[in-house]
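Please read all numbers here as calculations on a predicted model, not as lab measurements. Chain A is the first sequence line, chain B the second, and so forth, proteins listed ahead of strands; every chain is numbered from 1.
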Amino acid sequence: MQELTSHAAIELRGIDKSFGSVHAVRGVSLRVERGSITGIVGENGAGKSTLMSILYGLYRADAGEIRVEGRPVEMTSPRDAIGQGIGMVHQHFMLVDSFTVLENLILGAEGGPLLAGGLAAARTELARLAHEYGLAIDPDARVADLSVGEQQRVEILKVLFRGARILILDEPSAVLTPQETDRLLQILRVLREGGVTVVLITHKLREILSVSDRVIVMRRGEVVAERVTSKTSAEELAELMVGRKVRFSFDKVPVRAGEPRLVARGLSLVDGRRVRVLDDISFEVRAGEIVGIAGVSGNGQTELLQVLSGIRRPTGGTLEVCGRKVDASHPADPAEMRDLGVAHVPEDRLRQGLVPAFLASETSILGYQDREPFCRNYLLDGPAVGKHCAELMERFDVRPRTPGLLSSSFSGGNQQKLILAREMAGHPRLLLVGQPTRGVDIGAIEFIRRELIASRDSGCAVLVVSVELEEILSLADRILVMSGGRIVGEVAAADADERTLGLMMTGARAA
Amino acid sequence: MEEALTLVIATLAATLRVATPLVLCAMGGLFSEKSGIIDVGLEGKMLMAAFFAAATAAVTDSAWMGVGAAILAAEVLALLHGFACITHRGNQVVSGIALNILAMGLTVVLGTAWFARGGQTPPLSPGERLNPIFFPVAGDNVIVYATLLSVPFTWWLIERTRFGLRLRAVGEMPLAVDAAGISVTWLRYRAVLLCGLFAGLAGAYLSIAQNAGFSRDMTAGQGFIALAAIIFGRWRPFPAFGACLAFGLLDSIAIRLQGVKLPGIGEVPVQLIQAMPYLLTLFLLAGFIGRTVAPKAAGVPYEKEH
């Protein structure tokens, strides 16, 4: 009888799983204590999501044993997992947008062939859950009308509604704003109070450190460390995840700014809805410096990059790019911009940076496809393109080093490295980078930032737009803050900190 | 006055007569489309069903055997569509068109081989047909009444039952259905089979109730008009029903207008009148398709990761 109380909520023993030649999970054993929050961290491809998919019955393990509350169980489908009281909140929500909260809640647990009874019962249960865990939500609201944070709450409620006592969250904060993330972490704490066991998969260390009781670190399909959260640090976890020391800040040589490569004067843009998305923007970027643009997402940064790279025409103001004047009556399209020496790493890598269905080798020349030596007599020179791509992959450590693989089969970090490699290969005079490390794992973040600084040191003018303040602070020599389509402040990096920038971003203080 | 009243009643009865196969097809198509399976093969299913209904009724002397054969024939095509689109994740439009072509060819070939009447089936005697129940002139046979019931039934099934909830979900977000532990495949097969049932009834109506035998291409695009009605009705049963009635009304008015001299215009060419329902279809599809809200996953095969 004494045994009973000591059973872990989940115990995995020797779980092993391969996909073809990829050994995704290698003999993993771990315990998750009941009523605790356990973090599982690891870089993309470390096997943490695969492991949780095995636990949730989406994949079958090749070997190993799963025990829930001490009982060995077979997981062949999510239905089995749900039956064992395990629920999963996926990174991409499994909600029907056109349904109400209530309808989403009962889908798959309707409680009978007719809906009326099930809906009424669900309404009562929802009220109880809302009361118990502080998860208030309008049961009759359409999911499409809810914010992303609220949709996630619906996902959590869905899992609790099915009676789950063990909750797995896969990268839950990937789609949330910082405020929504804080709210989520608060909810997880309340759930823990209520006796729910939480497994949190993420690669954001801040969240793990703030909310979890224990941390399990995975690397290359194995559990490499287990720590009590209060006795570890972000530095240690990052090092364990990557397998070597990781640095996020760099000692930069003092800035030696040269001639201006980009001069914007009174730039403005009015969009199709007649909204002034850019308003009287003036700044310059000089050779050999990194200018960072900080701001809450959606304050004109995206549009500014589009104008600077030639994707959109400004409606007012002038732009001088590497000595050439560009304005509404003398526009330059992206190809002309590129010919002027402007390289652009777009914010949205999957839509603007590459074509997912193209080969890596094709991605490596996108935008440069009509230049020598890739193109001869209107025909692409396949071997030359492949060789170019292989060189870029070698130099920028893109893995796997297979030019013949589809672009979509690379991880986010490797896609980003390939795009950066492509844009930097032509030794641009002005480099525009949007969200350089969005959705990129820690090892790649360090690499990308190092390359951007190297580019600055070799005399390139670099403009970095990022919503991550920490990124702006570690890269930029000068920081511009955007809010409501305007530049509301400029600070030298040496004088800047997160707090003052944050205040400027919300328009609370102008510099 | 009495004459006008008779005319109105006659026109309404004609409307219902013409609209019946449209409504049946629209309801069947609704189930399929709600589940995320586009069905441009309604036409083919109906045609095949019409042929087998007439052929079976002629051979067995039983209208009810004809109805059974019609449903069976339509279900075979429905299963073929399901096999191509659900099991093998093929292109739904291509599969639907292929089935239409198959039905068009097969009915004529089989008809010629079995009855040697240039693709027609032998004319049916009243005993081999479904006959009007109360009003001989109105043509109110059993399928007409079933059709009237099918609309609220479809609404109830889709809006008020567990099956309906899951059906709507699978057409919008099959991933959510899968994650809830429900089989996407089985749900979609059931929807496609329901569609076959309704299209089968529609086919039987054409050849053994409205007409007394099968003639080649007798569906004359009504399956597509039903499809237009679904879209015009924004994938909801009652508005789709309304759209079908509008088509029916147009058609019955067109029949009355033939040979009539309109003041100031003169005689309207028969061809133009006959083209009216198709023109309306074109107009509605062009004008409304942009603003309507189709099930989000319609036309997209569901593929599980790994």
Is it true that A/R123 and A/D140 have a side-chain N and a carboxylate O under 4.0 angstrom from each other? yes

Only pairs of heavy atoms separated by less than 4.5 Å count here; which of A/S53, A/P113, A/A116 has the most with chain B? A/P113

Given A/L169, A/L51, A/I168, the one that forms side chain to side chain contact (heavy atoms under 4.5 Å, CB included) with A/I201: A/I168

Between B/L165, B/T161, B/I182, which has the largest tally of heavy atom pairs under 4.5 Å with chain A? B/L165

Given A/M94, A/M88, A/R79, A/K158, the one with more heavy-atom pairs under 4.5 angstrom with chain B than any other is A/M94

Heavy-atom distances under 4.5 Å only: say whether B/R166 touches chain A with side chain, backbone, both or neither. both

With a 4.5 Å cut-off on heavy-atom pairs, point out which of A/V96, A/D97, A/L107 contacts chain B the most. A/L107

Interface moiety of A/I82 toward chain B, non-hydrogen atoms closer than 4.5 Å: side chain

Do we see a donor-acceptor contact under 3.5 Å between the side chains of B/N141 and B/Y205? no

Give me the ring orientation class for B/H88 and B/F83: parallel if the planes are under 30° apart, tilted from 30 to 60°, perpendicular past 60°. perpendicular

Once you measure the plane-to-plane angle for A/Y59 and A/F19, does it fall in the parallel (<30°), tilted (30-60°) or perpendicular (>60°) bin? perpendicular

